[in-house]
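Below is one structure, written out as structure tokens; comments come after it.
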Amino acid sequence: MDSLIKENIPMNEYTSLKIGGRARFFANPSNKEELKKALGFAKEKDIPIFILGGGTNTLIKDEGVRGMVIKLDGDFKNIERQGLEVKAGGGASLASLISYCQGFSLSGLENLAGIPGSVGGAIFGNAGAFGTQIGDCVKSVVVMDRDGNERIVKDINFFYRGSSLKDTIILEVLFSLKEDVRWRIDEKIASVLSKRRETQPISKQTAGCIFKNPEGKFAGELIEKAGLKGRSIKDAIVSIKHANFIENRGNAKAEDVLQLITFIKRRVYELYGVMLYEEIVVI
């Protein structure tokens, strides 16, 4: 087997929750040629693929992944400025993109400071915070399909915590930004990060927000009103700091988190008649 393709790799090392069984196959391609090779292997074996970004917003089940997990690396982490536009690889971290833009006094992404994960994952799920969605700044996206065909997509449908880029691999994103004075960008980022530290359990092992906000409501408020802060199943616990986060206190299993999610959904629906839907992706 090609050295690019590894077998039976534990996924808990690659997720922010530090939970997950083993991937039957795992590839960490550094360029398009290696990515095509990994896709060809998956096609030949007739197995599903899953693209893993920063491992946030993701819960991998205890039994693991029966197909292939692909995590973009190398060239896919490049970031490059082109005037008021910035080109970022799908494997780059969102934090490194925001820091890069800050360095060139380019504004537009400041409200997303502190959101973990990759650029590709943020685009796929239309990451947002404080009134900004990443899709607002996107000019075009280069994607690859599962047959290794590449194309540029400009007409993208971005919606709340989602996009029309399903079943594609996000290779590169072109952002359209605007110039601003550096001190104002610095202040905005500092303010956003301060708010996150005050209100979210950023130092804990979490997957970010578990649930999407129902229309006109906040999932965290509903969960808190239901008295579920601190509710736990084994080592999975509803955060005391923000009720829309579930923390892994050390030895939580995916099954513990899933049971806690089910319990929260049932209790909130019983009390308020509101059905919560997961923001995290369960693999």
Is Arg22 salt-bridged to Glu63, going by a charged N under 4.0 Å from an acidic O?
no
If only atom types and distance count, is the side chain of Asp62 paired as donor or acceptor with the main-chain N or O of Ala254 below 3.5 Å?
yes
Can Lys71 be said to sit on top of Tyr14's aromatic six-ring, NZ or CZ under 6.0 Å from centre and within 45° of the ring axis?
no
Side-chain donor/acceptor of Lys229 to backbone N/O of Ile240, under 3.5 Å
yes
Test your reading of the model: is there a side-chain donor-acceptor pair from Arg151 to the backbone of Asp145, 3.5 Å cut-off?
no
So Phe25 and Phe41, would you call those rings parallel, tilted or perpendicular, with 30° and 60° as cut-offs?
perpendicular
For the pair Arg24 and Glu7, find out whether any cationic side-chain nitrogen is under 4.0 Å from an anionic carboxylate oxygen.
yes
So, for Lys154 and Ser140, which heavy atoms are closest and what is the spacing to 0.1 Å?
CG-CB, 3.8 Å
Listed by chain and number, what are the side chain to side chain donor-acceptor pair (under 3.5 Å) partners of Asp136, not counting sequence neighbours?
none
Closest non-hydrogen atom pair, Ala252 against Ile19
O-CG1, 3.4 Å
Taking everything shown except Ile152 itself, do over 12 heavy atoms lie less than 6.0 Å from its CD1?
no
Side-chain atoms of residues 112-119: list all donor-acceptor pairs with protein atoms under 3.5 Å, sequence neighbours left out, distances to 0.1 Å.
| unit_1 | atom_1 | unit_2 | atom_2 | d |
| --- | --- | --- | --- | --- |
| Ser118 | OG | Gly121 | N | 3.0 |

Give the minimum heavy-atom separation between Val268 and Ala226, together with the two atoms involved.
CG2-CB, 4.4 Å
Is it the case that the side chains of Glu247 and Ser239 hold a donor-acceptor pair, with the cut-off being a distance below 3.5 Å and no angle test?
yes
Would you call the rings of Phe104 and Tyr100 parallel, tilted or perpendicular, taking 30° and 60° as the class edges?
tilted
Examine Leu97 and Leu177 and state if one hydrophobic cluster contains both, with Ile, Leu, Val, Met, Phe, Trp and Tyr joined whenever side-chain heavy atoms are less than 4.5 Å apart.
yes
For Ile5 versus Ala27, what's the shortest heavy-atom pair and its separation?
CD1-CB, 4.2 Å
Suppose we screen for side chain to side chain donor-acceptor pair (under 3.5 Å). Which residues come up paired with Gln82, at least two apart in sequence or across chains?
none
Over-ring placement of Lys204 relative to Phe245, 6.0 Å and 45° cut-offs:
no
What is the minimum heavy-atom distance between Leu17 and Ile246, and which atoms define it?
CD2-O, 3.8 Å
Is a side-chain N or O of Asp73 found less than 3.5 angstrom from the main chain of Asn28, in a donor-acceptor match?
no
Donor + acceptor pair across side chains of Ser191, Glu187 (<3.5 Å)
no
Indicate, with yes or no, if Leu39 and Phe26 share a hydrophobic cluster defined by side-chain heavy-atom contacts under 4.5 Å among Ile, Leu, Val, Met, Phe, Trp and Tyr.
no
Is the backbone of Ala236 close enough, under 3.5 Å, to the side chain of Asn248 for a donor and an acceptor to pair up by distance?
no
Hey, is the main chain of Lys253 close enough, under 3.5 Å, to the side chain of Asp256 for a donor-acceptor pair?
yes
Modelled atom types, side-chain donor and acceptor of Thr132 and Asn111, under 3.5 Å
yes
Looking at every non-hydrogen atom in both residues, tell me the closest pair between Leu35 and Leu171 and how far apart they are.
CD2-CD2, 3.5 Å
Charged N to carboxylate O under 4.0 angstrom, Glu279 versus Arg161?
yes
